[in-house]
Amino acid sequence: MTQIAQQPGTDAIAAKGWLLAHRWLLLRRASQLGILGVFLLGPWAGIWIVQGNLNASLTLDILPLTDPFVLLQSLAARHVPELTAISGALIVTAFYVLVGGRAYCAWVCPVNIVTDTAGWLRQRLGLTGGTRVTNRTRYWLCGTILLVSAVTGIITWELVNPVSMLHRGLIFGMSTGWAVILGIFVFDLFVSRRGWCGHLCPVGAFYSVLGRVAVLRVNAARRAQCNRCMDCIQVCPEPQVLKAPLFGADEGSGSIIQSPNCTNCGRCIDVCSRDVFQFGTRFSGNAETRLQFAKETQR
Amino acid sequence: MDTTRRRFIGDAARTAGGVALCGLGLGLYARRSTSLPAQALRPPGAITESEFLAACIRCGLCVRDCPYDTLQLAQFDDDIAIGTPWFNARNIPCEMCEDIPCVAACPTGALDPALTDIDAARMGTAVLVDQENCLNYLGLRCDVCYRVCPLIDEAITIEWQHNARSGKHSRLLPTVHADACTGCGKCEYACVLEEAAIKVLPQRVARGAGGRHYRIGWEEKAQAGDSLVPADPEHRYNLPEGLDYDYAGEGLIREGDTATPFAADPLETLNRESAP
């Protein structure tokens with residue numbers, strides 16, 4: 001195994017320059033803060049482009065957007081929503097089927113900034129260990145929430161959801177809700193690496209289900225150039241998704257990261273000094289790699 | 001191989017157990033969350049609390065469209081299901097907008113779009129909870145709750161009553177009529193006391209309910225247009241033949257003798273009686 005770099009991305013910065021080695025990270029932060037900013041423009045500056053919050057919003061008094069997971073819980077709780085909420089949820093669902101379900105986590109969710117910071121700090125401080133929580137937990141939690149919503153007739157996760165608590169709190173007032181966010185930060189920093197987003201958050205789990213058929217995908221197109229520096233594995237919030245597409249050429253694995261848990265954050269593209277990764281569609285590389293695989297097996 | 005399987009089963013059991021516990025906790029918390037504090041009122045058109053928590057997706061669009069900043073979203077330590085809209089009438093009451101923008105803004109129907117007449121809203125019911133401190137009950141003329149009521153003389157009326165303390169004054173009692181009260185809370189907001197004597201409470205707290213079999217006689221009578229029990233047979237006097245009853249109580253008179261001891265002029269009657 002190759003020596004793992006102290007700071008992932010050092011090679012990339014040397015090869016491409018700091019800006020290019022942080023391109024997707026910067027764009028992602030701009031997206032997260034930008035979306036939050038547009039929501040805050042109303043209450044802070046009186047410029048009402050968007051009203052509401054991530055659970056449901058109204059843009060320019062015309063475009064309704066609804067979080068499909070909240071709506072699904074509402075349906076499970078046996079409420080039939082008005083058409084506005086349903087169409088909003090369909091629009092959001094269609095969008096994330098296109099760009100990758102968990103793009104929500106990387107590009108929109110405000111908690112991502114908190115957990116990314118905790119993850120970064122954990123790496124800088126060299127903290128290891130912690131509890132062993134399987135990353136399937138989030139799916140079980142997601143299903144349990146729908147079940148409990150059905151049994152109690154109440155939208156359950158919204159009673160405790162830190163994601164909407166933070167986003168809504170920033171816009172409408174937070175009070176002691178900060179304690180919950182601090183809790184997540186501490187959990188990710190000391191208790192479990194990428195514990196919240198990567199193992200527990202049922203919202204992310206739900207969006208990853210949407211991502212099963214997502215069109216936009218990261219492609220390890222030039223994986224032959226990989227020098228196994230492991231920088232991408234170190235920065236990836238869901239490192240398991242990289243292994244097969246990146247190292248599995250011999251086993252016939254396609255180069256496209258098909259795992260619905262990939263958040264399309266693009267950080268692997270940033271930190272790779274060999275330009276292995278690029279954004280593509282789930283179809284783009286497929287035919288090519290399949291053909292390549294077929295040729296190889298024929299030989 | 002065996003150890004991996006054992007570990008797999010152990011992990012799965014651990015996850016299942018943990019998640020089941022989470023689910024149980026969430027469920028219990030959810031059940032608890034339907035108990036709304038008595039001073040927290042829902043926006044107009046809000047469906048019943050348990051249904052509301054299935055319908056409201058906590059977006060705050062109703063809050064944004066409220067022109068008077070009446071509504072707010074519950075925060076972490078409000079003891080109200082977090083993110084749901086509510087208001088405290090003593091802080092800012094509902095101004096009862098005619099176009100009901102909060103209901104129009106709701107994307108899910110948690111605020112029922114069937115509510116188009118704000119007078120039909122039932123956010124709660126005003127109750128004069130403290131008759132001992134209410135100025136009108138003390139015999140003063142405050143009337144503020146009555147005056148500010150958007151449905152004055154319907155939802156709150158003033159009922160006159162003898163003031164037994166002074167013996168010569170009236171007490172003018174503000175009286176809420178729940179069939180008209182929308183629960184907007186303007187009375188509670190306006191009450192001049194340090195702590196309001198009239199408060200808007202959720203209907204489940206504010207109102208009693210008779211047994212379902214109870215009937216109020218006069219209402220049934222009005223509905224039927226007549227008494228529901230058979231009328232009394234006409235009263236008859238069994239008098240001796242040829243005599244009639246004397247209305248002045250002097251005794252019996254001969255039938256057909258219509259002469260009455262009362263003159264048309266009361267003075268004359270008096271003079272007649274005082275004559276020796």
Side-chain angles (χ1 to χ4, degrees), chain A residues 42-43 48 51-58 64 66-67 70-71 73-88 132-134 136-137 140-141 143-145 147-149 151-161 164-165 168-169 171-180, chain B residues 7-8 10-12 14-34 47-65 71-78 80-85 103-113:
Chain A
W48 295 102
Q51 287 185 325
N53 56 45
L54 285 182
N55 282 12
S57 62
L58 189 63
T66 313
D67 185 320
V70 183
L71 206 71
Q73 291 173 70
S74 183
L75 284 168
R78 295 180 298 283
H79 174 74
V80 182
E82 293 292 309
L83 211 59
T84 318
I86 296 174
S87 46
R132 201 157 48 91
V133 185
T134 158
R136 313 280 315 162
T137 310
W140 288 105
L141 205 52
T144 305
I145 283 158
L147 185 72
V148 175
S149 294
V151 171
T152 57
I154 288 170
I155 298 176
T156 317
W157 188 241
E158 284 313 298
L159 295 171
V160 292
N161 184 3
S164 50
M165 213 182 280
R168 189 194 316 112
I171 301 168
F172 288 91
M174 191 81 175
S175 76
T176 43
W178 283 113
V180 177
Chain B
R7 191 177 147 169
F8 172 78
D11 274 357
R14 230 160 51 104
T15 308
V19 170
L21 268 180
C22 281
L24 184 69
L26 274 173
L28 292 174
Y29 183 61
R31 293 282 282 276
R32 253 186 50 81
S33 70
T34 52
I47 52 185
T48 57
E49 185 61 15
S50 57
E51 290 172 350
F52 188 79
L53 291 182
C56 172
I57 52 175
R58 300 107 207 266
C59 63
L61 287 174
C62 54
V63 174
R64 287 296 177 235
D65 279 15
L71 298 176
Q72 52 181 315
L73 291 186
Q75 295 183 11
F76 194 64
D77 41 12
D78 278 333
I80 299 165
I82 187 165
T84 55
V103 173
C106 180
T108 66
L111 306 181
D112 190 352

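Chain identifiers are assigned alphabetically (A, B, ...) following the order of the sequence lines, protein sequences preceding nucleic acid strands; residue numbering begins at 1 within each chain. Hydrogens, waters and symmetry mates play no part in the numbers below; they use all other heavy atoms, side chains included. Values in this document were obtained by computation on a predicted structure and should not be read as measured data.
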Trainee: Under the 3.5 angstrom rule, does the side chain of A/H79 hit a backbone N or O of B/T108 as a donor-acceptor pair?
Mentor: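 Yes.
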
Trainee: With distance as the sole test, does B/T15 use its side chain to make a donor-acceptor pair with the main-chain N or O of A/T137 at under 3.5 Å?
Mentor: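 Here the side-chain-to-backbone pair does not exist.
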
Trainee: Go through A/L141 and B/C22 one step at a time and tell me if the side chain to side chain contact (heavy atoms under 4.5 Å, CB included) criterion holds.
Mentor: CA-CA 8 Å; A/L141 205 52; B/C22 281; 3.9 Å; yes

Trainee: For the interface with chain B, which of A/V148, A/L159, A/V80, A/V180 has the highest count of heavy-atom pairs at distances below 4.5 Å?
Mentor: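 That would be A/L159.
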
Trainee: If you round to the nearest 0.5 Å, how far is CE of A/M165 from CZ of B/F76?
Mentor: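 It comes to 5.5 Å.
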
Trainee: Can you name the closest pair of heavy atoms from B/Q75 and A/S175 and give their distance?
Mentor: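 Here B/Q75 and A/S175 meet closest at OE1-CB, 3.1 Å.
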
Trainee: Please determine, among B/E51, B/R14, B/R31, B/Q72, the option with the most heavy-atom pairs under 4.5 Å with chain A.
Mentor: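 Highest number of heavy-atom pairs under 4.5 Å: B/R14.
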
Trainee: Could you report the tightest heavy-atom contact between B/C59 and A/A56, atom names first, then the distance?
Mentor: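 In this case the closest contact between B/C59 and A/A56 is CB-O, 3.2 Å.
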
Trainee: Looking at A/T84, A/T144, A/I154, which makes the most heavy-atom pairs under 4.5 Å with chain B?
Mentor: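 Among the listed options, the one with the most contacts to chain B is A/I154.
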
Trainee: Between B/D65 and A/Q51, is any pair of side-chain heavy atoms under 4.5 Å apart?
Mentor: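 Answer yes - side chains close enough.
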
Trainee: Do B/I82 and A/E158 pass the side chain to side chain contact (heavy atoms under 4.5 Å, CB included) test, and can you show the C-alpha distance, the side-chain angles, and the key distance before you say yes or no?
Mentor: CA-CA 8 Å; B/I82 187 165; A/E158 284 313 298; over 6 Å; no

Trainee: Between the main-chain N or O of B/I57 and the side-chain N or O of A/D67, is there a donor-acceptor pair closer than 3.5 Å?
Mentor: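 Here the side-chain-to-backbone pair does not exist.
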
Trainee: Applying side chain to side chain contact (heavy atoms under 4.5 Å, CB included) to B/R58 and A/F172, what does each step give before you reach the verdict?
Mentor: CA-CA 11 Å; B/R58 300 107 207 266; A/F172 288 91; over 6 Å; no

Trainee: Could you tell me the separation between the OG1 atom of A/T156 and the CG atom of B/L53, rounded to the nearest 0.5 Å?
Mentor: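 Rounded to the nearest 0.5 Å, the OG1-CG separation comes to 10.0 Å.
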
Trainee: Name the region of A/W157, side chain, backbone, both or neither, that has any atom closer than 4.5 Å to a heavy atom of chain B.
Mentor: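 For A/W157, the contact with chain B is made by the side chain alone.
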
Trainee: If you count heavy-atom pairs within less than 4.5 Å of chain B, which of A/A77, A/G173, A/S149, A/S164 leads?
Mentor: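 Looking at each option in turn, the highest pair count goes to A/G173.
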
Trainee: Can you say whether B/C62 sits under 4.5 Å from chain A via the side chain, the backbone, both, or neither, judging by heavy atoms?
Mentor: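 Neither; nothing under 4.5 Å.
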
Trainee: Tell me if the CZ atom of A/R78 is crowded by more than 12 foreign heavy atoms within 6.0 Å.
Mentor: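 It does: A/R78 CZ has more than 12 such atoms within range.
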
Trainee: Of the backbone (N, CA, C, O) and the side chain (C-beta and beyond), which part of B/D78 lies under 4.5 Å from a heavy atom of chain A, both, or neither?
Mentor: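 No part of B/D78 comes within 4.5 Å of chain A.
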
Trainee: What distance separates B/S33 OG from A/I155 CD1, expressed to the nearest 0.5 Å?
Mentor: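 The CD1 atom of A/I155 is 10.5 Å from OG of B/S33, to the nearest 0.5 Å.
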
Trainee: Checking heavy atoms, do the side chain of B/T84, its backbone, both or neither come under 4.5 Å from chain A?
Mentor: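 Neither part.
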
Trainee: Picking from A/N55, A/N53, A/T66, A/I171, which has the most non-hydrogen pairs under 4.5 angstrom with chain B?
Mentor: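 Ranked by contacts with chain B, first place is A/N53.
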
Trainee: Go through the atoms of B/L26 and report whether side chain, backbone, both or neither lie under 4.5 Å from a heavy atom of chain A.
Mentor: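 Backbone plus side chain of B/L26, per the 4.5 Å heavy-atom cut-off to chain A.
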
Trainee: If you tally heavy-atom pairs under 4.5 Å against chain A, which of B/A55, B/G27, B/G60 wins?
Mentor: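 Heavy-atom pairs under 4.5 Å are most numerous for B/A55.
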
